[in-house]
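Worksheet: the structure to be examined is printed underneath.
Here, residue 1 is the first one in the sequence, and each next residue gets the next number.
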Amino acid sequence: FLLNFVRKHHRIQGNQPSIPTVVSTLRKQTITLHMKHLFPLILLVAGLAACQSEASNKEAAKPPASTAQTETKPVPAVRKNIVFFGNSLTAAYQLSPEQGFTHLVQLKIDSLDLPYTCVNAGLSGETTADGVSRIDWILQQKVDVFVLELGGNDALRGLPLAESKKNLQTIVDKVKAKYPDCKIVIAGMMAPPNLGSYAKEFHNMFPAIAKKNNAALIPFLLEGVGGDPKLNLPDGIHPTPEGHKILAETVWKTLKPIL
């Protein structure tokens, strides 16, 4: 069989070849057949290796996932507190907290995406002396902006203005001692003009406090609201929801540049 195979495929002519000749011929044929079938396989392996190398290079060129996330994820701003320290005007007397000017100011802040939170620390009926007694408790929380709205009840009760002025200064001193970088805003008020010199001295007290402490001043918190029956409750003193909207605009004029 082997001799016939060799004669047929290798075209060996003549006498029958010897066994060594057959073995040598078969070896050559086997190697040729192996190379014929192995060559496409070698090309395939080489191609796969090249693809793997290219994929590795692309993967190495990509930035780390954590780095990409760090670059695109914004860092949230640290929120700061604006404390409104006052009486029934700040507390939105007989209204819901959402109707008071403090909350309305918060809406303005949020609309501008500013990192501030308004804290309503208003207490109805409070005088400047009451404020001195309460301020230490309020200062247990961080205060970045302090809006002082007290004095109106002092005027309604006819309290000595020297004491009122002293109490306001004491409150400011305590705030600055606890938070030296805190920004101060003084909300001015006015007394009924029929009180004569008392009314004038009362009105001048707030600009004097603001000037002494390098604080911002709201000249008159009830500007455009005080004395208007349509914008006040039946008591004639406390603003309606519409009145508080005007108060919010008045406060915002002074507060916005600070923020």
Any side-chain heavy atom of [X] sitting closer than 4.5 Å to one from [Y]?
| X | Y | answer |
| --- | --- | --- |
| D235 | Y93 | yes |
| I171 | V132 | yes |
| D144 | K183 | no |
| L255 | F84 | yes |
| I82 | L259 | yes |
| Q169 | N213 | yes |
| K200 | N204 | yes |
| T250 | K253 | no |

Could you give the distance from [atom1] ([X]) to [atom2] ([Y]), rounded to the nearest 0.5 Å?
| X | Y | atom1 | atom2 | value |
| --- | --- | --- | --- | --- |
| K256 | L114 | NZ | CG | 8.5 Å |
| E149 | M189 | CD | CE | 6.5 Å |
| L168 | D173 | CG | CG | 11.0 Å |
| L233 | L95 | CG | CG | 6.0 Å |
| K80 | I109 | NZ | CD1 | 12.0 Å |
| L89 | H238 | CG | NE2 | 6.0 Å |

Quick check: does any side chain N or O of [X] sit under 3.5 Å from a backbone N or O of [Y], one acting as donor and the other as acceptor?
| X | Y | result |
| --- | --- | --- |
| E126 | S88 | no |
| Q99 | S96 | yes |
| R134 | A121 | yes |

Non-hydrogen atoms of [X] and [Y] that approach each other most closely:
| X | Y | answer |
| --- | --- | --- |
| Y116 | V145 | CE2-CG2, 4.3 Å |
| G125 | N153 | C-ND2, 3.2 Å |
| C118 | V105 | SG-CG1, 4.1 Å |
| G100 | A92 | CA-CB, 3.7 Å |
| I186 | A215 | CG1-CB, 4.1 Å |
| P239 | L247 | CG-CD2, 4.1 Å |

Same cluster for [X] and [Y] if Ile/Leu/Val/Met/Phe/Trp/Tyr side chains link at under 4.5 Å?
| X | Y | result |
| --- | --- | --- |
| I237 | L222 | no |
| V251 | L123 | no |
| L112 | L107 | no |

Notebook entry, point to check: What orientation do F202 and F206 show, parallel under 30°, tilted 30 to 60°, or perpendicular over 60°?
Noted result: perpendicular

If we check side-chain contact (heavy atoms from CB on, under 4.5 Å) with [X], which of these qualifies: [options]?
| X | options | result |
| --- | --- | --- |
| F85 | L150, V147, L139 | L150 |
| F146 | V175, N81, V172, V119 | V175 |
| F101 | T90, N120, I246, V225 | T90 |

Margin query: Name the residue from D130, T128, T127 that meets the side-chain hydrogen bond (donor to acceptor under 3.5 Å, both in side chains) definition with N167.
Written below: T128

For atom [atom1] of [X], is the number of surrounding heavy atoms from other residues, nucleotides or ligands below 6.0 Å larger than 12?
| X | atom1 | value |
| --- | --- | --- |
| D136 | CG | yes |
| N194 | CG | yes |
| K211 | NZ | no |

Checklist line | Salt-bridge contact K166-E163 (side-chain N to carboxylate O under 4.0 Å) | finding: no

Margin query: Could you go through T254 and L217, starting from their C-alpha distance and side-chain angles, then the distance that decides it, and tell me whether this counts as side-chain contact (heavy atoms from CB on, under 4.5 Å)?
Written below: CA-CA 7 Å; T254 301; L217 175 67; 6.0 Å; no

